Amino acid sequence: MPELPELETTVQELRDKIVGRKILRVWTDFGKMFRPSFAEFQKVVVGQVIKDVSRRGKNIIIKLDSGHYILVHQKLTGSLLAGAEIKNPYLHLILFLDKGQLALSDLRKFAKVVFLENLEDYPDYKNLGVEPLSREFTLEKFQEILRQTRGKTKKVLMDQNKIAGIGNIYSDEILFEAKISPLCEVKNLKEKEIKILYQAIKKILKKAVVAKGTSVSDYRRPSGKKGNFAKFLKVYQRENESCPRCGAKIKRLKFGGRSAHFCPRCQK
DNA sequence: AATCGTTCCTGATAGC
DNA sequence: TGCTATCAGGAACGAT
């Protein structure tokens, strides 16, 4: 699923292809994914020139000539693809540009496309937490976030309103790197562990950005290529395999509606 | 106010 | 073989 490194890759690779392009026509077969409506979206978007592509948390933000925005959340299986002519059985949105196409592929149809006049008017956007690879995300900031939060460490890492961009794959990998159990209550983390966890967040996310993300299920880069991080995964989707650090059997545990993969021996 | 359960969707897999 | 049932999963939303 697309998380921060996948989105970062998407943005970097989309920029060259679509900034400066004019939107001539739009097509969809799934009007339900648009907010407020496809009719509204079509009316406002056609004829616009794409000014910029950026990212905030797991949201892709496309800025238009008019100063308005298209916000795309890819959820579980969405991918933004760009090229001369996109072919794929799961396309649900195509923007026909003056050169090439921009398309949204989404097997499970959970993705959302929102048209906004002003980003700050959108509470789901405004409430997003700190960007973990930004300068704002200092150790002090992380300590402050943890002081204000209760619950299990994995859940807090994945809370978009605390830290934006981390999902199931990278929370598992970060916790393994830091040797902390996903079930560990935040209030029980020692100062030293908080520092190690902070460093692990930066390290794993940076490494995954360099590798251009993880294509463990449906994620694809805008060119249709896969990301390269899957081969670096230590615990995610490795249930019953041996821990690469201590050799114990990796466990998978469901809690709070999601699954955590971890080594029961070396993650405390 | 914070937390919990439900919902959206479809391909893969298990069970018969 | 071919059918049906179950499951995964981000986050908005409604309920408590």
Side-chain angles (χ1 to χ4, degrees), chain A residues 1-10 28-38 55-61 71-80 88-93 103-116 119 121-132 145-175 182-183 185-187 205 208 213-220 226-227 230 233 235-240 250-262:
Chain A
M1 28 250 73
E3 304 177 26
L4 186 151
E6 290 75 31
L7 279 260
E8 194 59 40
T9 302
T10 297
T28 187
D29 68 346
F30 192 61
K32 276 171 77 176
M33 75 176 164
F34 295 86
R35 299 285 128 82
S37 69
F38 180 68
R55 172 192 75 72
R56 175 79 173 93
K58 300 182 197 170
N59 300 278
I60 302 268
I61 299 152
L71 187 150
V72 180
H73 196 304
Q74 307 176 95
K75 295 284 176 87
L76 301 171
T77 56
S79 290
L80 280 171
N88 166 325
Y90 308 115
L91 298 186
H92 299 298
L93 168 65
L104 177 62
S105 160
D106 185 23
L107 187 150
R108 296 223 174 126
K109 296 168 121 175
F110 281 4
K112 291 282 170 287
V113 179
V114 185
F115 171 75
L116 292 169
L119 288 174
D121 292 343
Y122 191 49
D124 298 339
Y125 178 88
K126 201 172 63 182
N127 295 335
L128 288 171
V130 64
E131 283 292 334
I145 289 167
L146 294 183
R147 267 200 302 277
Q148 294 167 351
T149 312
R150 271 159 308 183
K152 298 188 173 27
T153 308
K154 179 174 169 79
K155 200 173 152 231
V156 175
L157 289 180
M158 291 175 65
D159 185 338
Q160 301 303 304
N161 295 332
K162 306 282 181 193
I163 303 170
I166 300 174
N168 216 22
I169 300 173
Y170 296 105
S171 57
D172 280 354
E173 294 299 313
I174 287 164
L175 287 162
L183 302 171
E185 294 290 328
V186 164
K187 66 175 189 304
L205 292 178
T214 306
S215 291
V216 79
S217 59
D218 303 83
Y219 171 73
R220 291 295 180 275
K226 293 187 175 191
L233 294 174
V235 286
Y236 181 77
Q237 285 199 344
R238 293 193 182 279
E239 185 185 16
N240 293 331
I250 291 165
K251 267 179 85 171
R252 171 177 170 174
L253 206 68
K254 273 200 77 172
F255 73 98
R258 26 208 119 229
S259 58
H261 309 76
F262 66 106

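Everything quoted here is computed from the prediction, not taken from an experiment. Every chain is numbered from 1 and lettered A, B, ... according to where its sequence line falls, protein lines coming before strand lines.
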Between C1' of C:dG10 and CG of A:N127, the distance in whole Å = 16 Å
For A:Q74, report the nucleic acid contact type (base, sugar-phosphate, nothing); a contact means any heavy atom under 4.0 Å.
-> nothing
Ignoring hydrogens and angles, tell me if any N or O in the side chain of A:S105 forms a donor-acceptor pair with the backbone of A:L91 under 3.5 Å.
-> no
Do A:K254 and A:S259 have side-chain N/O donor and acceptor atoms under 3.5 Å apart?
-> no
Would one find a side-chain N or O of A:R258 under 4.0 angstrom from OP1 or OP2 of C:dG10?
-> yes
Quickly work out the A:Y236 OH to C:dG9 C1' distance and round it to whole Å.
-> 8 Å
What integer distance in Å separates A:Y125:OH from C:dA12:P?
-> 14 Å
Would A:F110 count as stacked on B:dC8 if the rule is ring centres under 5.5 Å and plane angle under 30°?
-> yes
Touch class at under 4.0 angstrom, heavy-atom based, for A:R35 against every strand present = nothing
A:G227 backbone acceptor or donor facing A:S215 side chain under 3.5 Å = yes
Go through the N and O atoms of the side chain of A:R108 and the base of C:dA8, and report whether any donor-acceptor pair is under 3.5 Å.
-> yes
When A:N161 and A:H261 are each assigned the nearest nucleotide of DNA chain C, the 5'-most assignment goes to A:H261
Rounded to whole Å, the NZ-P distance (A:K75 to B:dG11) equals 19 Å
Separation of C:dG10 P from A:L128 CG (nearest whole Å) | 15 Å
Respond yes when some side-chain nitrogen or oxygen of A:K155 is under 4.0 Å from OP1 or OP2 of B:dT3, and no when none is.
-> no
Which nucleotide in the list C:dG9, B:dC9, C:dA8 gets nearest to the side chain of A:L76?
-> C:dG9
A:S259 side chain N/O closer than 4.0 Å to the phosphate oxygens (OP1, OP2) of C:dA8?
-> no
For A:I163 and C:dA11, what is the distance between atoms CD1 and P respectively, to the nearest whole Å?
-> 14 Å
Check the distance between C:dG9's P and A:H73's NE2 and give it to me in whole angstrom.
-> 16 Å
Residues forming a side chain to side chain donor-acceptor pair (under 3.5 Å) with A:H73, sequence neighbours excluded = none
A:R252 side chain to A:N240 backbone, donor-acceptor under 3.5 Å = no
Base, sugar-phosphate alone, or nothing: which one does A:L107 contact when heavy atoms must sit under 4.0 Å apart?
-> sugar-phosphate
Which nucleotide in the set B:dC9, C:dA12, C:dA11 lies at the smallest distance from any side-chain heavy atom of A:K58?
-> C:dA11
Look at all strands and tell whether A:T77 reaches a base, only sugar-phosphate, or nothing, counting heavy atoms closer than 4.0 Å.
-> nothing
For A:K32 and B:dC9, is the shortest distance between a side-chain N/O and OP1 or OP2 below 4.0 Å?
-> yes
So what does A:D124 hit on the nucleic acid, given a heavy-atom distance under 4.0 Å: a base, only sugar-phosphate, or nothing?
-> sugar-phosphate
Looking at the side chain of A:M158, which of C:dG9, C:dA11, C:dG10 is the nearest nucleotide?
-> C:dG10
When the distance from CG of A:L157 to C1' of C:dG10 is rounded to whole Å, what number comes out?
-> 16 Å
Examine the side chains of A:Y219 and A:T77 and answer whether a donor and an acceptor come within less than 3.5 Å of each other.
-> no
